[in-house]
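Everything below concerns the one structure shown next.
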Amino acid sequence: MIVKTVFTRLLGGDRQSDRVVPPSGHTAWLTSFTAGAMTFLAVFALALSLAAGRMAERWSEALARTATVRISAPPEQLDLQTRVVLDVLATTPGVENARALSDEEQRKLLEPWFGPDLPVEALPIPRLIELTEATDGYDAEGLRQRLAAEAPGAVLDDHTRWRRPLASAAGRLRLLGIMSIVLIGGATAAMITLAANAALAANAQVIEVLRLVGARDSYIARAFVRRFTIRAFGGAMAGAVAGMLCVLLLPSAEAAGGFLTGLGFTGFGWLLPLALPVIAAIVAFFATRRAALKKLRGLT
Amino acid sequence: MCFRSKPVTYRIFTIRTAKALKLPSIRAIVAAISSEIRDGSEVRERTVISFENVAYNYGGGELLSEISLRLAPGSFHFLTGPSGAGKSTFLKLCYAELLPTAGHVTIFDREVHSLSRDEVAQSRRRIGVVHQDCRFLDHLPLAANVTLPLTVSNREVSGQDLGDLLTWVGLRHLADAVPPSLSGGERQRAALARAVIVDPEVILADEPTGNLDWEMSLRLLTLLVELNRMGKTIVVATHDLNLIRQAKAQVPARVLRIRNRRIQLAGADL
Ligand SMILES: Nc1ncnc2c1ncn2[C@@H]1O[C@H](COP(=O)(O)OP(=O)(O)O)[C@@H](O)[C@H]1O
Ligand SMILES: [Mg+2]
């Protein structure tokens with residue numbers, strides 16, 4: 001709706017009003033440059049917050065849907081308790097399937113720490129049972145109590161302990177990205193306000209003449225607002241395209257994995273940076289309008 | 001008095017000049033313009049501008065005091081007084097560029113203090129002002145400057161009528177020139193054309209003949225007299241006594257004189 005207001009104001013308004021203010025040199029350049037540079041930065045902040053968002057989602061998803069039951073028991077009881085636990089899990093609503101890890105799999109898990117030749121059988125290593133949740137989830141507390149009653153050596157580890165900080169770190173990273181965008185928007189508004197004030201001061205005489213021949217404040221303001229909005233939009237468009245190109249050209253080393261390679265846009269995400277110039281135009285529209293009307297109210 | 005016989009001579013001269021130039025009548029020009037730009041919604045008031053016990057100061061001592069007067073529709077007033085007496089200040093009070101420091105100024109039946117900023121703008125579209133210092137938009141050609149009051153109210157005038165008006169003030173050949181390249185007299189004529197183009201109900205002219213030669217002054221006066229005959233209220237600040245005499249021969253003009261911060265109606269001695 002705001003966008004519609006801006007555009008009807010700009011395009012519906014007469015171009016005549018644009019001509020009554022002389023073309024200005026350095027404020028024009030400053031506005032386009034500021035909008036361009038700020039949008040360039042905003043593209044990266046946007047990419048960062050989108051990537052962080054995706055990461056947070058992926059981690060929560062992957063971790064939330066699996067859990068482990070660890071059975072520590074004397075060797076002679078281990079198989080018995082494992083069977084009991086599997087029976088319990090098989091009758092627990094919300095558990096999709098459960099499976100004891102084989103010795104081979106357990107050795108693989110320990111390999112990074114102890115090397116390949118670990119004699120798993122000979123060590124009192126707990127048995128691990130991996131379970132997958134159904135979409136509805138299960139009652140973790142109830143399951144814990146049943147396990148304690150039927151297999152005293154079994155401990156349910158539902159990953160919440162270490163899932164939470166990871167997901168919240170990613171969430172906070174996303175918040176940082178959004179905050180950066182908001183700050184960039186604020187800085188752009190401040191810069192454009194300065195530029196608009198400079199233009200208004202430079203054109204004090206023009207404004208005076210316009211007032212004297214009966215121009216309304218809104219008419220005079222429009223001449224400045226139109227100009228600054230168009231400049232900010234143009235600059236921001238250039239900045240957005242440049243930023244998107246840079247993101248596109250980031251090395252995509254899938255094999256290396258990790259965070260940096262996740263920093264691109266995906267699918268419809270590519271359309272989001274294109275919203276930035278529109279936002280810049282809206283910011284310029286209101287910043288200039290506010291500056292102009294404030295200035296004009298000071299005149300007779 | 002030495003110039004008692006002069007007006008007649010000049011009058012004949014003026015008419016001859018006008019005929020020689022084949023000028024269209026300003027009445028026809030203004031009528032044509034007004035038929036184009038009027039929206040028919042305006043209501044004409046009984047009093048155009050009135051002052052009630054008005055005083056004004058620029059922050060120091062009082063410049064104008066106890067001013068009470070009423071400009072009736074269709075009246076023609078000259079405003080005289082020594083330089084610095086407050087003639088320009090008085091005119092600025094008339095179109096709300098300045099607000100009185102005491103008393104009430106009423107424009108088209110509205111007290112100026114009660115007008116919103118948009119209403120002030122609206123009132124100014126009904127008042128044509130020729131400023132003493134003739135301010136223009138220096139980046140726009142003369143023609144665009146003359147039509148500026150229409151431009152800012154989203155109205156237009158035909159090129160033919162604009163051309164006629166510029167011809168009348170003798171500036172048609174300069175339509176594309178920018179204001180800084182004009183002489184003082186040319187600027188004043190342009191300012192007059194700009195004031196007239198909105199078909200205003202009131203015309204306030206601040207020393208409009210200050211930079212004009214006698215021939216041009218007379219042509220300008222003829223224009224003002226013509227406009228007055230069409231029913232427009234005219235106030236001209238000037239200290240050109242010859243001009244006043246010339247006008248008085250053509251219309252029942254009254255002379256206001258600023259003396260000792262007050263405005264008095266000057267006697268017939270002038
Ligand atoms: N903006 C202003 N601030 C302070 N003093 C002013 C201002 N404008 C005019 N004056 C003073 O007010 C007096 C009257 O000025 P003005 O109305 O221009 O006189 P006039 O037009 O009769 O020559 C002058 O002494 C002038 O210096
Ligand atoms: Mg003066």
Side-chain angles (χ1 to χ4, degrees), chain A residues 7-29 196 198-228 230-231 288-300, chain B residues 37 91-100 107 112-113 115-141 143-156 178-180 190-191 193-198 200 202 204 206:
Chain A
F7 282 96
T8 43
R9 283 278 190 145
L10 292 179
L11 305 176
D14 57 322
R15 272 143 230 263
Q16 281 283 350
S17 74
D18 212 22
R19 282 206 315 140
V20 299
V21 177
S24 43
H26 73 285
T27 55
W29 185 85
L200 288 161
N203 289 301
Q205 182 118 11
V206 170
I207 293 172
E208 197 183 344
V209 171
L210 291 172
R211 273 299 290 172
L212 287 175
V213 297
R216 286 168 197 246
D217 287 353
S218 56
Y219 182 92
I220 302 172
R222 193 156 62 231
F224 289 92
V225 169
R226 196 181 129 87
R227 181 166 300 192
F228 276 84
I230 289 171
R231 274 182 207 145
T288 317
R289 202 171 127 85
R290 197 168 150 256
L293 291 180
K294 190 169 165 220
K295 187 91 164 191
L296 286 164
R297 270 194 286 274
L299 306 171
T300 46
Chain B
I37 63 172
L91 292 179
K92 283 174 185 170
L93 288 166
C94 289
Y95 61 89
E97 184 176 348
L98 298 175
L99 298 179
I107 302 176
V112 286
H113 283 110
L115 294 175
S116 71
R117 293 179 56 74
D118 278 355
E119 285 168 336
V120 168
Q122 201 69 44
S123 302
R124 286 182 186 163
R125 295 178 190 175
R126 299 166 67 182
I127 303 177
V129 183
V130 182
H131 301 97
Q132 188 165 15
D133 49 358
C134 301
R135 284 162 284 184
F136 293 100
L137 299 185
D138 290 344
H139 66 290
L140 291 183
N145 267 288
V146 167
T147 54
L148 192 61
L150 295 178
T151 308
V152 302
S153 50
N154 298 314
R155 292 178 290 177
E156 273 178 28
V178 289
R194 184 176 70 182
V196 166
I197 202 161
V198 279
V202 182
L204 307 173
D206 198 352

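In what follows, chains carry the letters A, B, and so on, assigned in the order in which the sequence lines appear, proteins first and then strands, with residues in each chain numbered from 1. Note that the coordinates shown come from a computational prediction; the quantities given were computed from them, not determined experimentally.
For the pair B:N154 and A:Y219, the tightest heavy-atom approach, listed with the atom from each and the gap, is OD1-CE1, 4.1 Å. Shortest non-hydrogen contact noted between B:H139 and A:V20 is CE1-O, 3.1 Å. The two residues B:A121 and A:A215 make their nearest non-hydrogen contact at CB-O, 3.7 Å.
Applying the side-chain contact (heavy atoms from CB on, under 4.5 Å) test to B:E119 and every residue at least two apart in sequence or in another chain returns B:R110, B:L115, B:S116. A:A291 is linked by a side-chain contact (heavy atoms from CB on, under 4.5 Å) to A:T193, A:A196, A:N197, A:L200, counting only residues two or more places apart in sequence or in another chain.
Formation of a donor-acceptor pair under 3.5 Å by the B:R124 side chain with backbone atoms of A:R211 is found in this model. The main-chain N or O of A:L296 is found under 3.5 Å from a side-chain atom of B:R117 such that the two form a donor-acceptor pair. The closest donor-acceptor contact from the side chain of B:R135 to the backbone of A:V209 lies at 3.5 Å or more, if one exists at all.
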(message) Using the rule given for side-chain contact (heavy atoms from CB on, under 4.5 Å), can you reason through B:L137 versus A:L210, listing the C-alpha separation, both sets of side-chain angles and the distance that settles it, and then say yes or no?
(response) CA-CA 9 Å; B:L137 299 185; A:L210 291 172; 4.1 Å; yes
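In this structure, the portion of B:Y95 lying under 4.5 Å from any heavy atom of chain A is its side chain and not its backbone.
Around atom CZ of A:R290, no more than 12 heavy atoms belonging to other residues, nucleotides or ligands sit under 6.0 Å away.
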